[in-house]
Each structure stands twice: as C-alpha cells, then as structure tokens.
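Heads up: the structure comes next, in structure tokens.
All values below come from the heavy atoms of this structure, side chains included, with hydrogens, waters and symmetry mates left out. Both ligands and their constituent atoms are indexed starting at 1 by order of listing.
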Amino acid sequence: MDLKSLVRTIPDYPKPGIMFRDVTTLMADAQGFKATIARLCEPYRTEPVDLVAGIEARGFILAGAMADRLGCGFVPVRKKGKLPWKTIQQEYALEYGTDTVEMHVDALSHGKRVLLVDDLIATGGTAGAAVKLIRRLGGEILGAAFIVDLPELGGAKLIEAEGIKVHALMAFEGH
Ligand code: AMP
C-alpha cells in the first residue's frame, strides 16, 4: 500500500516556503491508518517496550494506537502549561525564539524502556527535547518512530547522534 500518496501537501502553510505534510488525510483512510500503525510498530514487535511516548498533538494519535498494538502504556509529551500534575520541562530552539515541552514527573520510572513517536521529524528540535525529558526521568529510549522524515532538515541525524535508531515510513524533499 502506498502510504505516501495519502499524505496531503499544503504549500506555503503555515508560512511561505513551508510544504506542510498533512497526515490527517492518511489517518482518515481506514486501510491507510491501519497500515501506518502496523508499519510504525514493525521494528518493535519483539522489543520489550514498556511505554510509548507521544508528542502533542498528532503524535498522540499514533502513540495511543501503537501502545494498544504493542501491549504497553502511553505517556504524553506536551507543550508547556497543558499537563495537570507536576512536570519537568525542556526548552528547545525554534527558527525564531524557543519553545518548551513537558512531561509529568512521574510519567515513567527509572529503567523504563520507551519508544518515542511523532508524525514528522524536521529539525529534530521537538523530538530532541523529548529525548532529554525521557532521559532525565531515567527512561531508556528503544527507538524513535515517525511517519515522515524531512532529511534535508537533519533532525533524524541529530537523534541518531544521540544513539537512538530512527524509524520513518517515508521521506519528502525540502522543508
Ligand atoms: P521539528 O522540531 O523541527 O523536528 O518539527 C517537528 C514538529 O513540527 C512535528 O511535531 C511536526 O508535526 C511539525 N512540523 C514541522 N515541519 C512540518 C512540515 N513541513 N509539515 C508538517 N508538520 C511539520
């Protein structure tokens, strides 16, 4: 099944020069969504995953379905100010300025084996911050899975430089 053709590309969104890779069209397709979850889970089916950590917001949709399929739990990585309990925070650089992601302090305990998931990796800023949060909580990261990689932006390389294997279902040229 050709999953790439189910991803909608929106030129110049949210700003000129960005090709927005919209996975909602892939998720809306029953066969496409099923195949996406199966392929994202494929490398980890025999791995001892304790938790899937999903990055807000599209990462939640994938991580929830993957956790169910892998028979493990789900924990959220959220933008600042959204989580109700005590959190740890990690700032990361954007093109202009910074942003912050958070996890609950008790989202995972020391030694938990965690799979990190988001819809897309671009510069790797968001996923890199999530890696730091999981490691600060004592988690061991088994891998990082994405539907889309934008290799020209170098994010996957950054995550691999952290010693984490990146699994992406497809790549697009450009930004
Ligand atoms: P980054 O931190 O640069 O790796 O950006 C990754 C986050 O931004 C992911 O949560 C994506 O959903 C979103 N994102 C970045 N670039 C794009 C793009 N071209 N199309 C769709 N989403 C994007």
Side-chain angles (χ1 to χ4, degrees), residues 2-29 32-33 36-37 39-41 51-67 74-83 87-104 107 114-136 139 141-175:
D2 178 20
L3 299 181
K4 199 170 173 178
S5 64
L6 290 171
V7 175
R8 171 166 56 194
T9 295
I10 305 167
D12 299 321
Y13 181 88
K15 53 185 183 181
I18 303 288
M19 298 289 271
F20 193 85
R21 308 299 176 177
D22 176 18
V23 297
T24 65
T25 42
L26 170 61
M27 290 172 170
D29 185 285
F33 188 57
T36 299
I37 297 303
R39 289 184 202 177
L40 284 171
C41 289
L51 291 163
V52 183
I55 300 176
E56 183 176 358
R58 290 175 293 268
F60 288 177
I61 301 156
L62 304 169
M66 289 173 70
F74 161 82
V75 287
V77 178
R78 297 209 68 173
K79 307 272 161 59
K80 195 176 174 173
K82 302 278 187 71
L83 288 167
T87 62
I88 59 163
Q89 299 167 6
Q90 186 68 49
E91 203 175 72
Y92 61 99
L94 299 172
E95 197 176 350
Y96 304 104
T98 62
D99 216 338
T100 301
V101 284
E102 297 185 328
M103 289 178 79
H104 277 147
V114 183
L115 180 58
L116 180 64
V117 180
D118 202 359
D119 66 324
L120 181 146
I121 182 155
T123 65
T126 319
V131 163
K132 288 201 177 88
L133 285 175
I134 294 165
R135 286 185 167 163
R136 281 168 59 195
I141 303 174
L142 293 179
F146 305 89
I147 300 177
V148 178
D149 179 20
L150 304 181
E152 283 170 41
L153 290 171
K157 281 215 176 81
L158 275 183
I159 300 301
E160 299 220 308
E162 290 288 325
I164 298 163
K165 202 161 173 12
V166 170
H167 172 49
L169 304 187
M170 65 188 75
F172 285 97
E173 283 177 14
H175 289 210

*Which residue holds the protein heavy atom closest to atom 19 (N) of ligand 1, what is that atom called, and what is the gap in Å?*
M19 O, 3.0 Å
*Nearest to atom 11 (C) of ligand 1, what protein heavy atom do you find, and at what distance?*
D119 OD1, 3.6 Å
_Surrounding NZ of K80 (heavy atoms of other residues, nucleotides or ligands, distance under 6.0 Å), is the total greater than 12?_
no
*Report the part of R58 in contact with ligand 1, treating N, CA, C, O as backbone and CB onward as side chain, heavy atoms under 4.0 Å; options are side chain, backbone, both, neither.*
side chain
_Show the nearest heavy-atom pair for residues A53 and A63, with the distance to one decimal._
C-CB, 4.4 Å
_Minimum heavy-atom separation for A129 and V101, please, with both atom names._
CB-CG2, 3.6 Å
*Could you walk me through whether I88 and E102 pass the side-chain contact (heavy atoms from CB on, under 4.5 Å) check?*
CA-CA 6 Å; I88 59 163; E102 297 185 328; over 6 Å; no
*asked:* Test of understanding: given a 4.0 Å heavy-atom threshold, classify the contact between L120 and ligand 1 as side chain, backbone, both, or neither.
replied: both
*Report, as yes or no, whether the 6.0 Å neighbourhood of atom CZ on F20 holds more than 12 heavy atoms from other residues, nucleotides or ligands.*
yes
*Please assess L115 against M66 for the test side-chain contact (heavy atoms from CB on, under 4.5 Å), listing each intermediate value before the final yes or no.*
CA-CA 10 Å; L115 180 58; M66 289 173 70; 3.9 Å; yes
*Does ligand 1 have an atom that lies less than 4.0 angstrom from a heavy atom of I55?*
no
_Yes or no: does L150 have any heavy atom under 4.0 Å from an atom of ligand 1?_
yes
*Hey, does F20 come in under 3.5 Å of ligand 1, counting only N/O atoms on both sides?*
no
*Find the distance between CD1 (I147) and OG1 (T36) and round it off to the nearest 0.5 Å.*
5.0 Å
*What is the closest protein heavy atom to atom 20 (N) of ligand 1, and at what distance does it sit?*
R21 N, 2.9 Å
*Polar contact flag for Y92 and ligand 1 (N/O pairs, less than 3.5 Å)*: no
*So is G155 in contact with ligand 1, going by heavy-atom distances below 4.0 Å?*
no
*Does some non-hydrogen atom of the protein lie less than 4.0 angstrom from atom 22 (N) of ligand 1?*
yes
_Identity and separation of the nearest protein heavy atom to atom 7 (C) of ligand 1_ = T126 OG1, 3.9 Å
*Do F33 and L62 pass the side-chain contact (heavy atoms from CB on, under 4.5 Å) test, and can you show the C-alpha distance, the side-chain angles, and the key distance before you say yes or no?*
CA-CA 9 Å; F33 188 57; L62 304 169; 4.2 Å; yes
*Can you tell which of K132, R136, R135 makes a side-chain hydrogen bond (donor to acceptor under 3.5 Å, both in side chains) with Q90?*
R136
*Tell me which part of D118 gets within contact of ligand 1: side chain, backbone, both or neither, using heavy atoms under 4.0 Å.*
side chain
*Distance from atom 3 (O) of ligand 1 to nearest protein heavy atom, with residue and atom*: T123 OG1, 2.5 Å
_Short N or O distance, A122 and ligand 1, threshold 3.5 Å exclusive_ = yes
*asked:* Is the terminal nitrogen or CZ of K4 (NZ for Lys, CZ for Arg) located under 6.0 angstrom from the six-membered ring centre of F172 and within 45° of that ring's axis?
replied: yes
